[in-house]
J.: 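I'd like to ask you about the structure that follows.
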Amino acid sequence: MTAVDAVRSGRTGWWGRLRSWLRGGRGTEERALLSVDDYAQIIAQFGSWVPLSGGVQQTLAGTPAEEIETSLEGYAQGAYKANGIVFACMLTRMLAFSGIRFAYQRIRNGRTSDLFGTQALALLEEPWVGGTTQDLLLRMIQDADLAGNAYITKIGGELVRLRPDWVQVILEPREVPVSPLNPDGGQVGFRRAGYMYRQDGTGEPVFFLPEQVAHFAPIPDPLASFRGMSWLTPVLREIAADGQMMRHKAKFLENAATPNMVVSFKESVTREQFEEFMEILDSRHAGAENAYKTLYLGGGADATVVGADLQQLDFKAVQGHGETRIAAAAGVPPVIVGLSEGLQAATYSNYSQARRRLADGTMHPLWANAAGSLAPLLPRENGARLWYSARDVPFLREDAKDVAEVQAKQAQTIGGLVKEGFTPESVVAAVMAEDWGLLEHTGLRSVQLHPENPDTSEGTPAAGGGDDDDG
């Protein structure tokens, strides 16, 4: 019996002892603090399917547990709450992502069909008391953006968000059966056995089976089996540089909004005179409120400008490049966010194309992933899958014109095929599925396909003819 089977059946044994150990219970001795040797003994006793946590994963190779690689709190405090560009990109993603509604989609002959609703979708309409579908989606995309993962489970008839940095993915080895080709068996990666959640990261462990958790990880981590990766990770340097640019601008304004200066004095100036002069200079010329005041020097003092001002540094261009790189990592066109580089060439046509890029290239894949991730928490519908409806998303309303044009061309195609003798039902199915193999012919032909004077038997006059009356 595998570890998963033991969990499903509720049996005790090593799994029960492991849960007791994780919760701080007593075995043969009380374990208030575990060393690496303790971990080694547990691995030797219980096998490799052990949900290890903390720094041990970094020191013990092959540990079958996956933690959030990045710090959720660090990204939230250092990027989302501290950087305006990151906040604008995430806000754009959140507002666009949260506008959909969920529905079931029928699948016929391997092709997707119409959308429909059932009472089971009420859980997504009101995931918790006072919550909405939009609240649920906002939480999911925010966690995925910051931590790379979002975890939702169902407890007491409502959906509950599990803070991603308090969750671990529990893995068990995927064993290869013994065969003539593999006489000793072997292991090929890991299988997802469940999830472990600790309140505040240190509380008692709570375990969930895979089908009890909706795991939304839109960007997979290439170094992990199931864990996701935040889009902020590749642009941490750009975020840090953007923060430095903002501090540089602030310091420029704090220091009189003028270039740096070096003030030199004659050798005869005493230390007391120097410090008194600097105190007066700082009090009268430091700070943005003292900008552009005339600087008076005396006593042989000489002021020399060093460095460059913001215009000489091409500050806008330098900062704009970093902002664009952050927006590119977020999958949000700069013109949608309102960044300077995007607005330089902004027109209505450009904005429309950028909006479509955000919808088709970023939002639709995220919506599809979210629907598939939430599906295990809802009842299965025969011949259908959990999907989404973007019909009421204001961001996509301009696409209604394109949809109308496509439908008009589809109507022309349907009318033409019906006139050619194909059954109306098969024509509609073929056009909607874009599969001409679904067409079925009635066997009736258009009159234009028949010869005007069909061949007749010998001695029989042609149609419409007769004997001449010679009188």
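As a basis for the values below, the full set of heavy atoms in this structure was taken, side chains included, without hydrogen atoms, waters or symmetry mates.
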J.: Quick one, Leu171 with Arg191, criterion side chain to side chain contact (heavy atoms under 4.5 Å, CB included). Give me CA distance, side-chain angles, the key distance, then yes/no.
T.: CA-CA 5 Å; Leu171 308 179; Arg191 179 186 295 108; over 6 Å; no
J.: Of all the heavy-atom pairs spanning Ala96 and Trp367, show the shortest one and how long it is.
T.: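 It is O-CZ2, 3.3 Å.
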J.: Just verifying a value: how many Å separate Leu123 CG and Leu159 CG, rounded to the nearest 0.5 Å?
T.: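 CG of Leu159 is found 4.0 Å from CG of Leu123.
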J.: What I'd like to find out is whether the side chain of Tyr75 reaches to under 4.5 Å of the side chain of Thr233, using heavy atoms alone.
T.: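 They are in side-chain contact.
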J.: Quick one: closest heavy-atom pair of Leu72 and Leu146, and the distance?
T.: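 The pair with the smallest heavy-atom distance is CD1-CB, 3.5 Å.
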J.: Going by atom types alone, do Trp231 and Asp145 pair a side-chain donor with an acceptor below 3.5 Å?
T.: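 Asp145 and Trp231 do have a side-chain donor-acceptor pair below 3.5 Å.
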J.: Measuring from Ile141:CD1 to Leu95:CG, what's the distance to the nearest 0.5 Å?
T.: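 Here the rounded value is 11.5 Å.
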J.: Measuring from atom CZ of Phe190 to atom CD of Gln187, what distance do you get when rounded to the nearest 0.5 angstrom?
T.: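 One finds 5.0 Å between CZ of Phe190 and CD of Gln187.
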J.: Tell me whether Ser373 contacts the main-chain N or O of His215 through its side chain, where contact means a donor paired with an acceptor under 3.5 Å.
T.: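 Yes, because the side chain of Ser373 sits within donor-acceptor range (under 3.5 Å) of the backbone of His215.
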J.: Does a side chain donor of either Gln353 or Tyr351 reach within less than 3.5 Å of an acceptor in the other side chain?
T.: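 No, Tyr351 and Gln353 have no side-chain donor paired with an acceptor closer than 3.5 Å.
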J.: Residues in side chain to side chain contact (heavy atoms under 4.5 Å, CB included) with Pro333, at least two apart?
T.: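 For Pro333, the residues satisfying side chain to side chain contact (heavy atoms under 4.5 Å, CB included) (neighbours in sequence not counted) are Val335, Ile336, Ala354, Arg357, Leu358.
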J.: Answer yes or no: is there a side-chain heavy-atom contact under 4.5 Å between Lys409 and Val406?
T.: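 Counting from C-beta outward, Lys409 and Val406 never come under 4.5 Å.
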J.: Any sub-3.5 Å donor-acceptor pair from Gln142's side-chain atoms to Arg139's backbone N or O?
T.: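 It does not hold such a pair.
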J.: Tell me, with the steps shown, if Asp200 and Arg198 meet salt bridge (charged side-chain N to carboxylate O under 4.0 Å, His left out).
T.: CA-CA 6 Å; Asp200 299 323; Arg198 290 178 181 269; over 6 Å; no
J.: Within a radius of less than 6.0 Å around CD of Glu73, do more than 12 heavy atoms belonging to other residues, nucleotides or ligands occur?
T.: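 Check fails, neighbour count at 12 or below.
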J.: Who pairs with Pro376 by side chain to side chain contact (heavy atoms under 4.5 Å, CB included), at least two apart in sequence or on another chain?
T.: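 Side chain to side chain contact (heavy atoms under 4.5 Å, CB included) check on Pro376 returns nothing, list empty.
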J.: Examine distances only and state if a side-chain atom of Asn149 and a backbone atom of Ala147 form a donor-acceptor pair shorter than 3.5 Å.
T.: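 Checking the backbone N and O of Ala147 against the side chain of Asn149, a donor-acceptor pair under 3.5 Å is found.
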J.: Are Val86 and Ile239 side-chain neighbours, meaning at least one heavy-atom pair lies under 4.5 Å?
T.: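 Heavy-atom side-chain distance check passes, below 4.5 Å.
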J.: For Thr442, is there any backbone N or O sitting under 3.5 Å from a side-chain donor or acceptor partner on Thr423?
T.: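 Looks like no, no N/O pair under 3.5 Å.
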J.: Just verifying a value: how many Å separate Ser389 OG and Phe102 CZ, rounded to the nearest 0.5 Å?
T.: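 The CZ atom of Phe102 is 11.0 Å from OG of Ser389, to the nearest 0.5 Å.
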J.: If you round to the nearest 0.5 Å, how far is OH of Tyr197 from CG of Leu162?
T.: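 If I round to the nearest 0.5 Å, the distance is 6.0 Å.
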J.: Any side-chain heavy-atom pair from Leu121 and Leu378 closer than 4.5 angstrom?
T.: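 A side-chain contact under 4.5 Å exists here.
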J.: For Leu223, is there any backbone N or O sitting under 3.5 Å from a side-chain donor or acceptor partner on Asp221?
T.: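 Here the side-chain-to-backbone pair exists.
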J.: So which pairs with a foot in residues 96-105 pass side chain to side chain donor-acceptor pair (under 3.5 Å), sequence neighbours left out?
T.: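 Sorted pair list: Arg101-Glu125, Gln105-Arg385.
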J.: Could you walk me through whether Leu386 and Leu124 pass side chain to side chain contact (heavy atoms under 4.5 Å, CB included), step by step?
T.: CA-CA 11 Å; Leu386 182 64; Leu124 300 181; 4.2 Å; yes
J.: Mind listing the closest non-hydrogen atom pair of Pro218 and Asn369 along with its distance?
T.: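 The pair with the smallest heavy-atom distance is CA-ND2, 3.5 Å.
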J.: Given side chains that start at C-beta, do those of Trp128 and Leu136 come closer than 4.5 Å, heavy atoms only?
T.: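 Yes. Closest side-chain heavy atoms under 4.5 Å.
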J.: List in chain and number order the residues that pass side-chain hydrogen bond (donor to acceptor under 3.5 Å, both in side chains) with Thr413, two or more places apart in sequence or in another chain; answer none if no residue qualifies.
T.: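 Expected list: none.
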J.: Would you please classify the geometry between the Phe87 ring and the Tyr80 ring as parallel, tilted or perpendicular, with 30° and 60° separating the classes?
T.: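 Judged by the thresholds at 30° and 60°, the geometry between Tyr80 and Phe87 is tilted.
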J.: About how many Å separate CZ of Phe422 and CD1 of Ile414, when rounded to the nearest 0.5 Å?
T.: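 Between Ile414 CD1 and Phe422 CZ, I get 13.5 Å after rounding to 0.5 Å.
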J.: Give a yes or no on whether the backbone of Thr132 and the side-chain of Asp135 come within a donor-acceptor separation of less than 3.5 Å.
T.: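 Checked: pair present.
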J.: May I ask you to check whether Tyr151 and Tyr195 place their ring centres under 6.0 Å from each other?
T.: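 That pair passes the under 6.0 Å test.
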J.: Please report the closest heavy-atom contact between Asp143 and Ala150, naming both atoms and the distance.
T.: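 Shortest heavy-atom separation between Asp143 and Ala150 comes out as CB-CB, 3.9 Å.
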J.: Crowded around Arg174 CZ? As in, over 12 foreign heavy atoms under 6.0 Å?
T.: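 Yes.
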J.: Which heavy atom of Ala330 sits nearest to which heavy atom of Arg93, and what is that distance?
T.: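 Shortest heavy-atom contact: O-NH1, 2.6 Å.
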J.: Is there a side-chain contact between Val213 and Val167, using heavy atoms and a 4.5 Å cut-off?
T.: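 No, every pair of side-chain atoms sits at 4.5 Å or beyond.
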J.: Only counting residues at least two apart or in another chain, list the ones meeting side chain to side chain contact (heavy atoms under 4.5 Å, CB included) with Ala368.
T.: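 Partners of Ala368 by the side chain to side chain contact (heavy atoms under 4.5 Å, CB included) criterion, ordered by chain and then number, come out as Trp387, Tyr388.
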J.: Would you please name every residue forming a side-chain hydrogen bond (donor to acceptor under 3.5 Å, both in side chains) with Thr118, sequence neighbours left out?
T.: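 Residues passing side-chain hydrogen bond (donor to acceptor under 3.5 Å, both in side chains) with Thr118: none at all.
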J.: Quick one: closest heavy-atom pair of Ile100 and Gln134, and the distance?
T.: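 Closest pair (atom of Ile100, atom of Gln134, distance): O-NE2, 3.6 Å.
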